[in-house]
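Because the structure is predicted, anything quoted here is derived from the model rather than measured. The figures that follow rest on heavy atoms only: side chains count, while hydrogens, waters and symmetry mates do not.
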Amino acid sequence: NAVNPTINNYFDALYFGLTTLTTVGFGDISPITWQGKLIVCGSILVGVAVVPAQAAALVEALLEREDIKRKSRKRSSKQVAPNGSSPDEVLALDTSKVCPECG
């Protein structure tokens, strides 16, 4: 096995390992100094933490929205719809403009 001459120390090995494992790759432009490599490693680790957290929050919001819709459908199915209208129309009905005696 050949040894890569650009990996001189453990930090370089950590940098190349991290960019390979996270599929960031090396690209045409890569940092040369240890400070640049440290910034790239920090950016990768923040991205690996932030993106899944945001995706989880999005999925949680979507599931909560569906749960609210499901609960409102159950509630509206118990209501009697006036004049044969659908339960969804009952939810959208503005009761301030409806006669309280005849609906």
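- For the atom pair NZ (Lys37) and OG1 (Thr19), the distance works out to 9.5 Å, reported to the nearest 0.5 Å.
- In plain terms, the two heavy atoms of Ala13 and Ile7 that are nearest each other are N-CG2, 3.7 Å.
- Contact record, Phe11 with Trp34: CE2-O, 3.5 Å, taken as the closest heavy-atom pair.
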Show me the donor-acceptor pairs, under 3.5 Å and distance only, between side chains in residues 45-64 and residues at least two apart or in other chains.
none

